[in-house]
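This report concerns only the one structure given below.
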Amino acid sequence: MKNSVSKSRPLPTISLQDVGGLGEEMKEEIMQTLSTIKEPERAIKLGIKPPKGILLYGPPGTGKTLLAQAIARELNAAFFTASGSAFNELFVGIGASRVRSLFQTARKQGPAVIFIDEVDALAGKRKAHGGEEAEKTLTELLVQLDGGHSNDGILFIAATNRKDMLDEAFLRPGRIDFSFQVPLPDTRGRREIINIHTKGKSLAEDVFASLDDLAESTSGFSGAELQSLFETASRRAVRNGQDMIHKHDLDYALDRTILGNTSRSLQEY
Ligand code: ATP
């Protein structure tokens with residue numbers, strides 16, 4: 001729904017364990033960053049300002065939304081989410097008032113994470129952005145980011161596939177303090193993600209034995225594609241009246257995903 005700013009207040013159930021392929025170094029960096037938010041007094045004594053904003057950037061389907069939810073859970077914070085395009089309006093001032101209202105609602109809530117996906121639609125470079133309405137909306141976002149205190153319990157997380165499109169003013173420290181790249185997973189990452197998405201699923205012995213090979217052979221797959229692979233295989237198993245996923249279900253799902261990827265990349269040319 002383009003114009004709705006969806007808000008989900010309950011604590012997310014996703015934890016950092018549910019996000020595969022982040023790598024130890026990145027996990028460690030994230031935990032360190034979060035510890036300055038969890039213990040702001042200590043951080044300030046050590047001369048560190050808890051961050052106000054974090055940017056997650058990388059290709060589609062790599063788990064940026066998942067990671068934002070896991071961060072909110074780690075902070076025991078309510079999760080407010082909206083897509084950047086939900087703020088694009090024809091009438092001057094409407095987008096800006098939506099931004100204001102989102103921050104106001106989150107501030108009332110106490111500890112909260114505000115997550116904006118596709119933030120390039122909201123905080124794109126001003127030159128390319130164009131239009132008075134878009135300009136006003138971005139300015140309001142900057143005002144809200146500047147207005148909050150680093151220890152007011154609000155963490156702003158933005159995600160994009162196009163970091164290069166973002167306005168420099170938006171990326172300034174004090175607004176966005178940390179940028180984390182969430183790339184396509186490598187073989188080890190894919191193996192972790194496969195583990196996550198096969199947990200609780202009944203797998204035949206031949207599937208179980210092929211999971212290392214699957215991780216090897218799915219170079220270029222995102223976490224979302226791996227998730228959909230097992231989803232497709234499960235659905236086929238149910239359709240065939242089986243009580244577990246067999247290798248032929250996985251092969252079928254793999255063919256369909258590869259076919260989907262090929263037609264997508266052909267369309268891109
Ligand atoms: P987009 O840029 O398109 O918004 P995204 O990076 O935010 O994508 P998600 O929405 O978090 O990606 O991923 C979609 C789904 O794919 C997740 O709900 C999850 O099931 C699966 N997934 C993606 N990445 C991962 C990952 N790293 N670990 C585990 N599951 C993943």
Side-chain angles (χ1 to χ4, degrees), residues 1-2 4-6 8 10-31 53-74 79-88 113-124 155-166 178-201 211 214-215 218-235 245 253-254 256-257 260-261 264-265 267-268:
M1 242 195 321
K2 181 177 176 287
S4 79
V5 175
S6 92
S8 86
L11 200 65
T13 52
I14 302 292
S15 79
L16 276 175
Q17 256 91 292
D18 299 313
V19 194
L22 290 181
E24 286 314 308
E25 209 176 303
M26 181 162 166
K27 268 194 204 155
E28 176 64 31
E29 228 181 296
I30 291 172
M31 291 312 286
I54 293 178
L55 178 73
L56 305 175
Y57 66 98
T62 46
K64 298 181 290 299
T65 306
L66 218 53
L67 181 55
Q69 290 174 324
I71 290 176
R73 184 186 154 131
E74 197 61 45
F79 190 68
F80 290 78
T81 175
S83 165
S85 57
F87 300 92
N88 290 342
V113 162
I114 298 177
F115 175 64
I116 310 274
D117 199 6
E118 294 174 41
V119 76
D120 40 291
L122 169 61
L155 177 67
F156 175 76
I157 306 182
T160 184
N161 312 137
R162 298 295 312 269
K163 187 181 179 209
D164 58 314
M165 295 283 284
L166 297 177
F178 288 98
S179 288
F180 292 109
Q181 188 177 13
V182 188
L184 284 171
D186 58 10
T187 306
R188 204 172 144 182
R190 291 194 296 277
R191 189 64 184 85
E192 273 179 40
I193 296 172
I194 289 170
N195 265 350
I196 291 169
H197 290 290
T198 50
K199 207 162 43 182
K201 285 189 163 70
L211 295 182
L214 183 68
T218 44
S219 165
F221 276 49
S222 65
E225 283 164 339
L226 291 170
Q227 187 269 341
S228 123
L229 190 70
F230 284 98
E231 209 39 58
T232 306
S234 298
R235 261 191 267 116
I245 299 173
L254 202 51
R256 287 199 52 165
T257 310
N261 286 355
R264 193 184 60 202
S265 59
Q267 277 165 18
E268 280 164 10

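Both ligands and their constituent atoms are indexed starting at 1 by order of listing.
Of the N and O atoms on the side chains of Arg190 and Thr187, at least one donor lies less than 3.5 Å from an acceptor on the other residue.
Counting only distance, with no hydrogens or angles, the side chain of Thr218 and the backbone of Phe221 share no donor-acceptor pair below 3.5 Å.
Shortest non-hydrogen contact noted between Ile196 and Gln17 is CD1-O, 3.6 Å. Closest of all the heavy-atom pairs between Gly61 and Ser222 is O-CB, 3.4 Å. The two residues Gly84 and Ala121 make their nearest non-hydrogen contact at C-CB, 3.7 Å.
Near ligand 1, residues Asp18, Val19, Gly20, Pro60, Gly61, Thr62, Gly63, Lys64, Thr65, Leu66, Asp117, Asn161, Ile193, His197, Gly223, Ala224, Gln227 come within 4.0 angstrom through at least one heavy atom.
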Exercise answer: donor-acceptor pairs, residues 155-164 side-chain atoms, under 3.5 Å, sequence neighbours excluded:
residue : atom : partner : partner atom : Å
Thr160  : OG1  : Asp120  : OD1          : 2.6
Thr160  : OG1  : Arg162  : N            : 2.8
Asn161  : ND2  : Gly58   : O            : 3.0
Arg162  : NE   : Asp164  : OD1          : 3.2
Arg162  : NH2  : Asp164  : OD2          : 2.8

